[in-house]
Amino acid sequence: MEGVLTWVPAEWVAAGLAGMPGVDVQVVGLGRDMGESGAARVPASPASPAPANVADVEFYVPSFFPSPAGTAVLAEMKRLRVVQTLTAGVDWLRPHLPPDVTLCNARGVHDASTAEWVVAAILGSLRSFPAFTTAQAAGEWAYQGTDQLAAKTVLIVGYGSIGAAVEQRLSGFEVTVRRVARGPRDGVAGLADLPALLAEADVVVLLVPYTADTAGLADAAFLARMKDGALLVNAARGAVVDTAALVAEVSRGRLRAAVDVTDPEPLPPGHPLWSLPGVFITPHVAASTPVSRQRAAQLVRDQVLAYTRNEPLRNVIDGAY
Ligand SMILES: NC(=O)c1ccc[n+]([C@@H]2O[C@H](COP(=O)([O-])OP(=O)(O)OC[C@H]3O[C@@H](n4cnc5c(N)ncnc54)[C@H](OP(=O)(O)O)[C@@H]3O)[C@@H](O)[C@H]2O)c1
């Protein structure tokens, strides 16, 4: 092989690179693909032998849900220059990244899908869709009034790429939006203002990356600051929330929650979150849509092209996330 050896996790990613000069593409799926059911593939074990040319890989795109083998293989990639994830979050990869390898995430790719999930989760929870779905399954005409989104205050904690997309989508819903990020700026508060903002919000949306600073950010004190009856929406990472503290607040009927991500993940059978009234759970699906796939394939194409042309890469992670 003479071109840039590029490992991609699936045929749909490879298709985006078809015909690109100076690139040798190989499909090596070490994990679960986007949109693939959990049962569809047994993830390779860390002991599975990688293809023989592993040491020549220069550009690596891991699976959307990598298996341990998908990250362990990094240690064998002696010529590796770039890791391009299909995910916006890179917390799962950071501990395995060899020094001097450029890491790029998929910031922007999942904005539409994830923001849509957030809006759907807010509306579904406030309008009691989970309860109506349960009643429908039982064939019951269970009339009841519901809450609504209009006139509410929505606090976005982690006002980045997806946070802004959420605000854009909420613009027709007659809500007041408040924003928090690491660095305060015009219209966006810093962490110092978080306690006061939590006390005023009807809906709190978590969209921070998972880092040492955000681990357990939504702890007992954070949740205690939230209004009675408020809704916590977690589309970030499960461990951003102290799950035991959330279970305690929801069990008392003080808070509601809609979560796409949990700690642990997958949430094991019998976990208290499954059966708590007021909790809506989806299995980390917010970004798993055709439009995210399309945009991820385009990003990989753009990045590989830029790399082969010695042009700057997008979404280079040089800080904590
Ligand atoms: N559920 C899913 O399927 C799914 C899909 C996509 C993404 N995600 C998660 O969503 C996260 C956000 O994605 P994104 O693309 O919007 O990222 P992003 O554009 O990098 O935005 C992250 C935001 O979080 C803020 N932030 C970072 N650390 C913080 C802290 N300690 N306290 C408060 N705010 C903090 C940042 O503040 P500054 O602007 O001041 O830096 C930024 O506003 C990802 O990292 C990923 O974990 C989940």
Side-chain angles (χ1 to χ4, degrees), residues 38 114-158 166 169-170 173-176 178 195 197-208 216-288:
T114 309
E116 234 173 58
W117 181 92
V118 168
V119 174
I122 295 173
L123 285 169
S125 297
L126 295 181
R127 301 308 306 257
S128 301
F129 278 13
F132 290 125
T133 304
T134 306
Q136 181 183 346
E140 283 171 18
W141 187 265
Y143 175 84
Q144 59 169 36
T146 73
D147 202 347
Q148 90 296 319
L149 179 52
K152 297 258 194 274
T153 296
V154 179
L155 173 64
I156 300 174
V157 181
V166 168
R169 281 157 182 78
L170 286 176
F173 284 98
E174 303 177 37
V175 292
T176 303
R178 301 273 185 249
L197 289 167
L198 283 172
E200 290 168 5
D202 303 292
V203 178
V204 176
V205 181
L206 298 173
L207 279 168
V208 289
L217 175 72
D219 59 7
F222 176 114
L223 299 173
R225 296 291 301 177
M226 287 174 63
K227 271 180 163 176
D228 286 355
L231 173 71
L232 181 77
V233 179
N234 189 5
R237 286 289 182 264
V240 169
V241 176
D242 177 338
T243 304
L246 180 64
V247 167
E249 289 283 17
V250 178
S251 300
R252 283 206 297 278
R254 220 189 58 77
L255 296 181
R256 294 175 281 179
V259 300
D260 185 48
V261 285
T262 58
D263 175 29
E265 200 168 296
L267 198 64
H271 192 285
L273 268 187
W274 283 123
S275 49
L276 274 183
V279 177
F280 173 68
I281 302 171
T282 55
H284 203 147
V285 298
S288 297

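Note that the coordinates shown come from a computational prediction; the quantities given were computed from them, not determined experimentally.
Each ring-ring contact (aromatic ring centres under 6.0 Å, His included) pair with one or both residues in residues 243-282, not counting sequence neighbours, would appear here, but there are none.
Between Lys227 and Asp202 the shortest side-chain heavy-atom distance falls below 4.5 Å. A 4.5 Å side-chain heavy-atom check between Val203 and Thr153 finds every atom pair outside the cut-off. Residues Leu207 and Val157 have side chains not in contact (no heavy-atom distance under 4.5 Å, counting atoms from C-beta outward). Val233 places a side-chain heavy atom less than 4.5 Å from the side chain of Trp117. Annotation: side chain of Val259 is not in contact with side chain of Val261 (no heavy-atom distance under 4.5 Å). No side-chain heavy atom of Ile156 sits under 4.5 Å from any side-chain heavy atom of Leu206. Using a 4.5 Å heavy-atom cutoff, the side chains of Thr176 and Val154 are not in contact. Taking the side chain as every heavy atom from C-beta outward, Leu232 and Val241 approach each other to under 4.5 Å.
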Donor-acceptor list for residues 118-130 side chains, cut-off 3.5 Å, not counting sequence neighbours:
residue: Ser125; atom: OG; partner: Ala121; partner atom: O; Å: 2.8
residue: Arg127; atom: NE; partner: Thr146; partner atom: OG1; Å: 2.7
residue: Arg127; atom: NE; partner: Asp147; partner atom: O; Å: 3.1
residue: Arg127; atom: NH2; partner: Thr146; partner atom: OG1; Å: 3.4

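Residues Val250 and Pro277 approach most closely at CG1-O, 3.5 Å, considering heavy atoms. In this structure, Ala131 and Gln144 approach most closely via the heavy-atom pair CB-NE2, 4.4 Å. The shortest heavy-atom contact between Gly158 and Val208 is CA-CG1, 3.6 Å. Considering all non-hydrogen atoms of both residues, Leu231 and Ala257 come closest at CD1-N, 3.7 Å.
Judged as a side-chain contact (heavy atoms from CB on, under 4.5 Å), and not counting sequence neighbours, Thr134 has no contacts. Considering only residues two or more places apart in sequence or on other chains, Thr243 meets the side chain to side chain donor-acceptor pair (under 3.5 Å) condition with none of them. A search for side-chain contact (heavy atoms from CB on, under 4.5 Å) contacts involving Glu249 returns Leu223, Ala224, Arg252, Arg254, Leu255, not counting sequence neighbours. Gln136 pairs by the side chain to side chain donor-acceptor pair (under 3.5 Å) definition with nothing, not counting sequence neighbours.
Put simply, the side chain of Asp260 gets close to the backbone of Ala286: a donor and an acceptor are under 3.5 Å apart. A donor-acceptor distance shorter than 3.5 angstrom exists from the side chain of Thr262 to the backbone of Pro264, with no hydrogens or angles considered. Under a 3.5 Å cut-off, the side chain of Gln148 and the backbone N or O of Ala150 do form a donor-acceptor pair.
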Check your understanding: Yes or no on side-chain contact (heavy atoms from CB on, under 4.5 Å) for Val204 and Met226, after CA distance, side-chain angles and deciding distance?
Key -> CA-CA 8 Å; Val204 176; Met226 287 174 63; 3.8 Å; yes
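From Leu246, atom CG reaches atom CG of Asp219 across 11.5 Å, with rounding to the nearest 0.5 Å. Between atom CG of residue Asn234 and atom CG of residue Asp263 there is a gap of 10.0 Å, rounded to the nearest 0.5 Å.
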